[in-house]
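Throughout, a chain's letter reflects where its sequence line sits, starting with A, and its residues are numbered from 1.
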There are 2 protein chains.
Amino acid sequence: MTRRPGIDEVARLAGVSKSTVSRVLNGAPHVSARAREAVRRAVMQLDYSPNQAARSLAGHRAHAIALVVSEPSGRVLADPFFAGVMRGVHAELAGHRTQLVLMMSQPGDVGSYLTSGHVDGALVISLHGHDPLLSLLHDNGLPVVAGGRPLAGGPVPYVDSDNFTGAVEATQHLVSLGCERIGTIAGPADMAVGLDRLSGWRRAMSGRRTDLVVHADFTPEGGAAAMTSLLAREPELDAVFVAADIMALGALQVLHAAGRRVPDDVAVVGFDDSVPAVPPLTTVKQDVEKFGRMLTWRLLAEIEGEEGLPPSVLLPTSLVLRTSA
Amino acid sequence: MTRRPGIDEVARLAGVSKSTVSRVLNGAPHVSARAREAVRRAVMQLDYSPNQAARSLAGHRAHAIALVVSEPSGRVLADPFFAGVMRGVHAELAGHRTQLVLMMSQPGDVGSYLTSGHVDGALVISLHGHDPLLSLLHDNGLPVVAGGRPLAGGPVPYVDSDNFTGAVEATQHLVSLGCERIGTIAGPADMAVGLDRLSGWRRAMSGRRTDLVVHADFTPEGGAAAMTSLLAREPELDAVFVAADIMALGALQVLHAAGRRVPDDVAVVGFDDSVPAVPPLTTVKQDVEKFGRMLTWRLLAEIEGEEGLPPSVLLPTSLVLRTSA
DNA sequence: CGGGTTTCTGGGAGCGCTCCCAGAAGTTTC
DNA sequence: GAAACTTCTGGGAGCGCTCCCAGAAACCCG
């Protein structure tokens with residue numbers, strides 16, 4: 001590896017000082033067009049790329065943000081929801097000269113790592129229960145935005161989908177179909193996304209039987225187990241609202257194996273619009289890429305110290321009718 | 001944000017010099033047990049965490065590796081294969097005090113960024129065609145390991161699944177079932193993973209009709225389109241080897257919509273064992289998490305300058321029999 | 001056309017570590 | 001008991017930038 005050129009080499013070649021090169025690189029004002037052009041050419045010619053470590057050290061900015069997956073299992077990585085969010089994060093980051101550092105929260109060390117100036121801010125996703133991580137970061141003055149409403153509340157801004165309304169619409173659709181015994185495979189009871197979708201189902205079910213609830217963990221296996229138990233509890237079940245397409249995949253397998261036709265015997269509505277299934281799922285669509293973009297935009301704005309930012313953002317959902325209900 | 005303690009504060013509290021603290025932090029030899037313990041306590045007490053930027057700058061090590069997704073669309077992010085790999089990468093990285101920086105290759109800038117000492121090495125995944133990225137990095141002396149055999153060959157070590165053998169087994173299974181008109185939905189023609197699985201199919205089909213090939217792009221939509229065109233070309237089709245479960249999902253939808261029963265009318269074998277489907281897919285299983293771990297282990301070993309490393313690794317696959325064939 | 005203002009520029013301190021070097025302390029060997 | 005190690009320790013240069021400061025150059029107005 002040939003030694004990389006430094007900023008002073010660029011400066012020498014361009015016939016200006018280090019300071020001027022630095023200004024050009026950082027888009028600072030007060031640089032003549034001539035100097036700017038000379039630097040640009042020198043950079044090109046030397047294929048210069050500034051040393052990130054030195055920039056961070058001198059500039060007190062890490063030029064990086066963390067995406068913290070607050071879940072040891074890494075389950076969320078396999079979730080199409082996460083993939084979409086990540087695409088959005090990347091899209092928003094493009095052009096910001098900011099790197100994305102991925103972390104999986106092993107309770108304990110992550111907090112102090114993050115608050116030590118290694119990143120300029122953090123996106124925390126898949127938050128469970130009353131995880132103290134968020135307040136830890138916030139109290140240390142690190143800009144943070146949560147992906148999904150934190151169950152514990154608190155001052156940390158968040159971006160979330162309108163899970164409640166989405167669930168209401170999904171369930172109302174099942175009701176309007178004339179279904180009588182409508183169950184739900186809910187998300188984890190320690191996540192807002194799980195509770196909000198369940199609340200939506202409850203709301204739309206008001207006046208009806210609301211005991212057909214099984215919580216699962218946003219995995220296909222969890223969905224399958226939940227479906228099995230729902231079927232055991234109510235063999236006459238004729239509809240189910242599944243709080244995530246990924247769980248619906250498992251549920252669909254169980255229904256198929258049990259000889260129940262979908263939608264004729266059991267109508268199914270999912271959430272996320274993230275996976276193709278047989279039969280194609282009627283589901284609540286959310287724009288996950290936008291979710292990721294909003295999250296990132298919000299964090300970058302926070303880092304830049306912008307004023308008058310909305311505390312939180314709720315993204316709309318919409319029901320997509322297909323075959324399963 | 002209260003000012004973070006520096007290494008000299010730790011040194012003062014522990015009653016030793018900066019150098020000694022540094023040695024303890026980096027696990028260097030020649031430190032007395034007494035000093036080591038004193039430093040450990042001071043670190044604890046101050047909740048000290050070293051400044052990464054300064055470490056990198058002074059130590060000429062970034063303490064980070066990049067995971068480069070060589071695909072602008074970000075398609076691969078949504079692939080369960082990628083999720084598994086990422087879990088493996090993380091697992092292997094744990095305990096190595098090394099961060100994971102995620103990059104999506106926008107041809108051009110990535111190369112010079114990576115070779116500028118911002119990371120100690122790179123994992124390049126989802127390589128298409130004769131992408132010059134790999135040789136660019138390698139020629140600049142950056143440790144690199146490819147995830148999936150690079151089509152262009154070259155000296156870069158890689159980790160891959162035994163796609164050829166997997167495809168042979170999958171196809172042989174269809175043949176042994178007595179299927180007559182066996183098609184394949186192959187992966188992209190500019191990726192080794194696509195070509196190798198296709199070669200496997202061809203090999204197992206020797207002596208038979210091998211024109212029923214449609215390439216697709218590892219997405220459900222691509223799989224659906226390919227299935228449609230296959231069906232149009234050969235309505236009597238009675239089996240299909242789909243080079244990825246994620247594409248099989250789309251294919252299954254098309255078969256279902258066309259009124260073809262699986263496996264009675266058309267037998268389907270997938271690859272990856274990554275998604276639950278209706279009916280459950282007979283598929284070629286690969287251990288993606290191990291894939292990620294191997295990749296990372298290999299890269300870290302390369303960075304450490306270990307000798308006698310295997311040039312490349314081929315992971316075994318196995319056929320999992322379920323309902324679809 | 002002189003004083004103010006604004007735009008541009010270079011010099012150089014210092015960010016918080018690592019790592020080389022040289023010296024102190026402790027251990028072995030004949 | 002002196003020489004020859006080995007183990008431990010502190011001092012301090014320097015990694016490659018950013019950013020503050022002060023001075024030079026250009027511009028503006030009455």
J.: When the distance from CG of A:Leu25 to C1' of D:dC17 is rounded to whole Å, what number comes out?
T.: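 Whole-Å distance recorded here is 10 Å.
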J.: Can you confirm whether A:Arg149 sits close enough to A:Ser312 that some side-chain heavy atom of one is under 4.5 Å from a side-chain heavy atom of the other?
T.: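 Heavy-atom side-chain distance check fails, nothing below 4.5 Å.
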J.: Once you round it to whole Å, what is the distance between P of D:dC17 and CD of A:Gln52?
T.: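 Rounded to whole Å, this separation is 11 Å.
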J.: With heavy atoms under 4.0 Å as the rule, sort A:Arg61 into base, sugar-phosphate or nothing.
T.: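 It contacts nothing in the nucleic acid.
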J.: Compare the minimum distances between each of C:dG12, C:dT18, D:dC17 and the side chain of A:Ser19, then state the nucleotide with the smallest one.
T.: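 Selected nucleotide: C:dG12.
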J.: Only counting residues at least two apart or in another chain, list the ones meeting side-chain contact (heavy atoms from CB on, under 4.5 Å) with A:Lys18.
T.: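 Residues passing side-chain contact (heavy atoms from CB on, under 4.5 Å) with A:Lys18: A:Ile7, A:Asp8.
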J.: Once you apply a heavy-atom cut-off of 4.0 Å, does A:Thr20 come out as touching a base, just sugar-phosphate, or nothing?
T.: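 Result for A:Thr20 = sugar-phosphate.
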J.: Ignoring backbone atoms, test whether A:Tyr48 places a side-chain nitrogen or oxygen under 4.0 Å from the OP1 or OP2 oxygen of D:dG16.
T.: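 For A:Tyr48, the contact criterion (side-chain N or O under 4.0 Å from OP1 or OP2 of D:dG16) is not met.
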J.: Once you round it to whole Å, what is the distance between C1' of C:dC8 and NZ of A:Lys18?
T.: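 Rounded to whole Å, this separation is 18 Å.
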J.: Roughly, in whole Å, what's the span from NE2 in A:His63 to P in D:dG16?
T.: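 Going from A:His63 (NE2) to D:dG16 (P), I get 17 Å.
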J.: For A:Ala62 and A:Gln52, which heavy atoms make the closest approach, and how far apart are they?
T.: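 In this case the closest contact between A:Ala62 and A:Gln52 is O-NE2, 4.2 Å.
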J.: OP1 or OP2 of C:dT18 less than 4.0 angstrom from a side-chain nitrogen or oxygen of B:Ser22, does that happen here?
T.: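 For C:dT18, OP1 or OP2 has a side-chain N or O of B:Ser22 closer than 4.0 Å.
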J.: Could you check whether any side-chain N or O of A:Asn140 sits under 3.5 Å from a backbone N or O of A:Leu142, counting only pairs where one atom can act as donor and the other as acceptor?
T.: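 No, A:Asn140 side chain to A:Leu142 backbone: no donor-acceptor pair under 3.5 Å.
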J.: Using a cut-off of strictly less than 4.0 Å between a heavy atom of the residue and any atom of DNA chain D, enumerate the qualifying residues of residues 26-44 of chain B by number.
T.: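 The answer is B:His30, B:Val31, B:Ser32, B:Ala35.
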J.: Hey, does the side chain of A:Thr296 reach the backbone of A:Met294 with a donor-acceptor pair shorter than 3.5 angstrom?
T.: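 Side chain of A:Thr296 to backbone of A:Met294, a donor-acceptor pair under 3.5 Å: no, none is there.
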J.: Could you tell me whether a side-chain N or O of B:Ser70 sits under 3.5 Å from a main-chain N or O of B:Ile125, the two making a donor and an acceptor?
T.: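 Flag not set: sc B:Ser70 to bb B:Ile125 has no pair under 3.5 Å.
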J.: Roughly, in whole Å, what's the span from CG in B:Asn51 to C1' in C:dT18?
T.: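 Atom-to-atom, B:Asn51 to C:dT18, this comes out as 13 Å.
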J.: Without decimals, in angstroms, what is the distance between B:Ile7 CD1 and C:dC17 P?
T.: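 Distance, rounded to whole Å: 5 Å.
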J.: Show, in sequence, the C-alpha distance, side-chain angles and deciding distance for B:Phe81 and B:Phe218, and conclude whether the ring pair (Phe, Tyr, Trp, His ring centres under 6.0 Å) test is met.
T.: CA-CA 11 Å; B:Phe81 166 79; B:Phe218 285 145; 8.6 Å; no
J.: Measure from CZ on A:Arg55 to P on C:dG16 and round the result to the nearest Å.
T.: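 These atoms are roughly 18 Å apart.
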J.: Whole angstrom is fine here: how far is it from CZ in B:Arg23 over to P in D:dC8?
T.: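 Nearest whole value for this atom pair: 10 Å.
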